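Keep in mind that this is a model prediction, so the values were computed, not measured. For the numbers below, each heavy atom of this structure counts, side chains included, while hydrogens, waters and symmetry mates do not.
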Amino acid sequence: TLDGRQVSRGEDGYWLPRNETTVGAHNLTATATKQFFTSGNDSEKITVFGWADTDLQTPERVLRGQSLNITTRITDSNTSEPVENHPIDLLIRREGSQPQPAANQTTGPAGFANLSLSTADRQPGLYEIQMRAGDNSSTFYNVTDKFENRSVELLGKLNLSLDTNQSLVY
C-alpha cells in the first residue's frame, strides 16, 4: 500500500508511480502472507519526484530605454500543472561577453516568474537571456531542460538632423 491505498498485488508485485501519485514524501508498506507462514510487513518512507518542463518567453526585439519583459514558467511534465515555489535564475549576456546575473526568483501559484529588466544602461546589440532551473528537493521536481536560452536584439535609436542652407534646388 502507498499511504494506505493498495498499489500492487501478487507474489511478484511491483509499483510504478502514476499521474495520480503526488510528488513528495510517502509511506510505502508491503504485507506478505502465505499458507503455513506467519504474515510479515515492512514500511519504508519514500520520496516521489516529478519531472518538470521549463518555458522562457522574451520579445525578439526591444528598443533601448524600454523594459525587457521576461516570462518564465515551470509545469509538471505529465500533467501540465504549474509548479509553485521552484527557484529560477535569470542571466543576461551581451554577444562577446560573459553572462551576468539578472534575477533570482521563484515561481508563483500558476508556475510563472516574471521579470521586467531595464535596458536604459545597456548598449544596443544582440543579447542572450538564459533561464537556469535546477532539480529541487523542496518542490520534489527534477527539471528536464536545466537551461533555456532566448536571443533578444536591443535596438538603439539614431538621431538624424538634416540642415541645408537652401530650401530650393534649381
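Interatomic distance, CD of E95 versus OG of S151, reported as 8.5 Å (0.5 Å rounding). Note that OG1 of T144 is 7.5 Å distant from CH2 of W51, once rounded to the nearest 0.5 Å. Considering CD of Q123 and OG of S97, their distance stands at 11.5 Å, rounded to 0.5 Å. Rounded to the nearest 0.5 Å, atoms CD (E44) and CG (D42) are 6.5 Å apart. The structure places NE2 of H26 at 6.5 Å from CD1 of I46, a figure rounded to the nearest 0.5 Å.
Here the rule is side chain to side chain donor-acceptor pair (under 3.5 Å) with H86, and of T75, T139, N136, T72 only T139 fits it.
Summarising the hydrophobic clusters (Ile, Leu, Val, Met, Phe, Trp, Tyr; side-chain heavy atoms under 4.5 Å, direct or chained), the residues clustered with L68 are V23, F49, L56, V62, I70, I74, V83, I88, L90, I92, L115, L117, Y127, I129, M131, F140, Y141, V152, L154.
Counting heavy atoms from C-beta on, the side chains of L155 and P124 never come closer than 4.5 Å. Residues R73 and P82 are in side-chain contact: their nearest non-hydrogen atoms beyond the backbone lie under 4.5 Å apart.
Annotation for D121: atom CG does not count as buried by contact number, only 12 or fewer foreign heavy atoms lying within 6.0 Å.
For the pair R132 and F147, the NZ or CZ position fails the cation-pi test of under 6.0 Å to the six-membered ring centre and within 45 degrees of the ring normal.
The main-chain N or O of Q66 is found under 3.5 Å from a side-chain atom of T119 such that the two form a donor-acceptor pair. A donor-acceptor contact shorter than 3.5 Å is absent between the side chain of Q130 and the backbone of P99.
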With side chain to side chain donor-acceptor pair (under 3.5 Å) as the test, would you mind laying out the steps for N85 and T106 before giving the verdict? CA-CA 5 Å; N85 295 321; T106 56; 4.7 Å; no

Pair E148, D55 - check side chain to side chain contact (heavy atoms under 4.5 Å, CB included), show working. CA-CA 8 Å; E148 194 163 340; D55 185 37; 4.3 Å; yes

I would like to know whether L28 and S43 meet side chain to side chain contact (heavy atoms under 4.5 Å, CB included); could you show each step before the answer? CA-CA 6 Å; L28 182 64; S43 291; over 6 Å; no

Please lay out, stage by stage, how R122 and R64 fare under the test side chain to side chain contact (heavy atoms under 4.5 Å, CB included). CA-CA 7 Å; R122 298 194 183 274; R64 184 178 174 201; 5.8 Å; no

Walk me through it: do K146 and D135 pass the test side chain to side chain contact (heavy atoms under 4.5 Å, CB included)? CA-CA 8 Å; K146 303 205 185 321; D135 301 341; 2.7 Å; yes

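The shortest heavy-atom contact between D76 and N78 is OD1-N, 2.7 Å. The nearest pair of heavy atoms linking T58 to R150 is OG1-CB, 3.4 Å.
For the residue pair N69/S116, the side-chain donor-acceptor check at 3.5 Å is satisfied.
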